[in-house]
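Every chain is numbered from 1, with letters handed out A, B, ... down the list of sequences. Quick note: numbers below take in every heavy atom, side chains included, and nothing from hydrogens, waters or symmetry partners.
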2 protein chains.
Amino acid sequence: MATGRTHRPATRSRGIPEATVARLPLYLRALTALSERSVPTVSSEELAAAAGVNSAKLRKDFSYLGSYGTRGVGYDVEYLVYQISRELGLTQDWPIVMVGIGNLGAALANYGGFASRGFRVAALIDADPSMVGRPVAGMPVQFIDDLEKIVDENGVSIGVIATPAGAAQQVCDRLVAAGVTSILNFAPTVLSVPDGVDVRKVDLSIELQILAFHEQRKAGEEPGAGAEAVLPPVVRDAGAAAAAEGRKGPDGDMPAVMPA
Amino acid sequence: MATGRTHRPATRSRGIPEATVARLPLYLRALTALSERSVPTVSSEELAAAAGVNSAKLRKDFSYLGSYGTRGVGYDVEYLVYQISRELGLTQDWPIVMVGIGNLGAALANYGGFASRGFRVAALIDADPSMVGRPVAGMPVQFIDDLEKIVDENGVSIGVIATPAGAAQQVCDRLVAAGVTSILNFAPTVLSVPDGVDVRKVDLSIELQILAFHEQRKAGEEPGAGAEAVLPPVVRDAGAAAAAEGRKGPDGDMPAVMPA
DNA sequence: GAATGTGAAGATTTTCACAGCG
DNA sequence: CGCTGTGAAAATCTTCACATTC
C-alpha cells in the first residue's frame, strides 16, 4: 500500500459534523418509535427528550441536513424518518459478514437489531473447523478460507470482527484486502488499516472502566448525596509498579510503596 | 427524588477531561501488553502508536494525571500501569450485576475481559423463571425478585443491562432504587436516571449505522481510490415518507416521490 | 403564539511547536 | 540530543438567544 496508515483525520464528511452523524441513529430510533405509534408530527423539544439530548442540539443537528421542519408546528415524523434514513445510507441494503462466531459473535448474529434497518448478515465465518456448517441464527457457519470469495460474491463492504484479540488484525487485513472498507471491531485490540477504511470499535471492558472512574469519584465526593449507602468497595492488593523518584501527581501524595 | 433528571452536564471530574478519561483504558491496555512483554520503558510516540492515537494527544492526556515520564527517556511501563489503574479506580474491586441473561447477556457473562481488571460479576439476574438456577459462565442465574437483596448484600454500584428494550427502563429504575449509581446499557433504549447516576450505552446497530453513513460517502467519492472494487450496494425499496411541500435539502434535489 | 433555524458566544478537544529537563 | 510537558492556536462541538416563519 502506498500512503495507507491508521485513522482518517481530514476527510470530513460533506459538511455534516461527525458528532451529528453519531446522533442521527438516536433520532432515527426515537422517530421510528413515534412512527409506530402513528404520531404524525413532533417538536424538537419532544423528540429531543425521547432521544436523550437537548433540543437546541437536535435542531442544530437537523439544520445540517436541511430545513425539514415547520415553524410553529414541528417535524413530520414520517418525512424525517425517511430523510435521516437516506442520510445514513439506510435506504440501501448493506450485506455484512461476521467473522468469529464464538459466544459474542453468536449473540450478535442472533441479535435482531443487527439484521434490521438495511443490514443483512450475508455470512458467518469462523476459523474453527468444528464450527463450520453448524447453524447459528439460522445460517451455517462458513470456513475462513472462503472469506475472500464470500466478500467478493456478496459485494460486502462492511465487516464485523468478533474474534479473539490475537486473530483480529489478521482477519482485518484479509477483509480489507478482499474489499471491505468499514469494520466494526469487537476484539479488544487496536486495528491498523489503510487510509480510506473506517474502523469503529466496541469495547465492553473499556466502557466499564470509564464507569469505574466516575464511580470512584462519587465515593470520594458529597457523602450525603447519591442513592442509599454507597459502600466504598474493598481495596484490592494494588497491582504492580516500579520505584518512583521525584514524580509529582496532582494529588500531591502517592503510595509510599509501590508493589512489584 | 428531588432534583433528579437525566444526564450530568456540569459535574466535570476533578479536572481530568472526559475525552481523556475515555482514552485511559486504551493506554492501559497497550501498557499492559508491553508489561507482559517485560518492556521497561516506552516513549509517547511508541505508546501512542500502540494505542491508536497521536503522541501529542497522549502526552497532553498524561499531563492531566501528573508528570509521570522522564524527559529524554519516556515512561516507565509498570509505574504508568499502576498510576492509570489507580486513576481509573481499578485498584479496587467492583462487584457488578448483569440483568438480562439472554444471548447477549450470556455472551457478556462469558466474556473474559469483563471479569478481569477489577470487575467481578457478583450475580446474573433474569426475569425468566426457566432461566433461574441454570448455570451461565459457571454461575447460577438468579431471579429478578431478588435484585434489591443481591445489590445490597454485595455492595454493587455498577449494573449491566442486557434485557430487551422494553424491560430496560424498569430494570434501571430498580437498580437505581437499590443503590446502583453506574449503568452500562446494552438495550437499545434511552434510559432516564436521576442526577448522580451515570449511564453509558453500547449499541451495536448504532455503530453499524454510523459506518453505513461513511460507507455511503465513499461510494459517491473518488472512484479510483479505496480497495478493490467497491460495488455500490443494491438500492432497496426505500422505506416510507410523507408528502413534501417546499422543503430544501442541502443536496438541492430530493426524490420526486416518497413512498409511504 | 409557537416552534424552527441559525449566527454568535462559550466550552471542550485537538494539534502545534517549542521550552525545559534529564 | 531526545523526549516530555505545556502554553497557545486551531478545530470542533455545545449552548444561547432571537429573528423568522408558519
Contacts of A:T20 meeting side chain to side chain donor-acceptor pair (under 3.5 Å) (sequence neighbours excluded), chain-then-number -> A:D61
State which of C:dG5, D:dC13, C:dC18 makes the closest approach to the side chain of A:P17.
D:dC13
Ranking D:dG5, C:dT14, C:dG5 by distance to the side chain of B:K57, first place goes to C:dT14
What's the closest nucleotide to the side chain of A:S43 if the choices are C:dT14, C:dT6, C:dA3?
C:dA3
Quick one: does A:Q83's side chain have a donor or acceptor within less than 3.5 Å of a partner on A:Y68's backbone?
no
What is the distance, rounded to the nearest whole Å, between atom OH of B:Y27 and atom C1' of D:dT4?
14 Å
Verify, without hydrogens or angle tests, whether A:K218 (side chain) and B:G196 (backbone) share a donor-acceptor contact under 3.5 angstrom.
yes
Just N and O in the side chain of A:T70: are any of them under 4.0 Å from OP1 or OP2 of C:dT4?
no
Nucleotide D:dC13, atom P - distance to CG of A:N54 in whole Å:
16 Å
Under-3.5 Å donor-acceptor pair between A:R71 side chain and D:dT21 base
no
Whole-Å distance, A:Y79 OH to C:dT4 P, equals 16 Å
With the threshold set at 4.0 Å, does a side-chain nitrogen-carboxylate oxygen contact exist between A:R217 and B:E87?
yes
Please give, in whole Å, the distance from C:dT12 C1' to B:D61 CG?
13 Å
Provide the full list of ring-ring contact (aromatic ring centres under 6.0 Å, His included) pairs with a residue in residues 24-62 of chain A, sequence neighbours left out, each pair given once.
A:Y27-A:F62, A:F62-A:Y75
What is the distance, to the nearest angstrom, from the CD1 atom on A:I16 to the P atom on D:dC13?
12 Å
Whole angstrom is fine here: how far is it from OH in B:Y75 over to P in D:dG2?
17 Å
Let me know, please, whether B:V42 or A:R23 comes out on the 5' side of the other along DNA chain D by nearest nucleotide.
B:V42
Closest to the B:A56 side chain: C:dC16, C:dT4, D:dT15?
C:dC16
Rounding to an integer number of Å, can you tell me how far B:E45 CD sits from D:dT4 P?
8 Å
Whole angstroms only, please: what is the CD-C1' distance between B:E46 and D:dC3?
11 Å
A:R59 side chain, from C-beta outward: closest of D:dT14, C:dG5, D:dG5
C:dG5
Name the residue closer to the 5' end of DNA chain D, choosing between A:T20 and B:F62 according to the nucleotide with the nearest heavy atom.
B:F62
Considering only heavy side-chain atoms of A:Y64, the closest of C:dG5, C:dT15, D:dT14 is D:dT14
Residue B:K60, side-chain atoms from C-beta onward, closest of D:dT14, D:dG5, D:dA8:
D:dA8
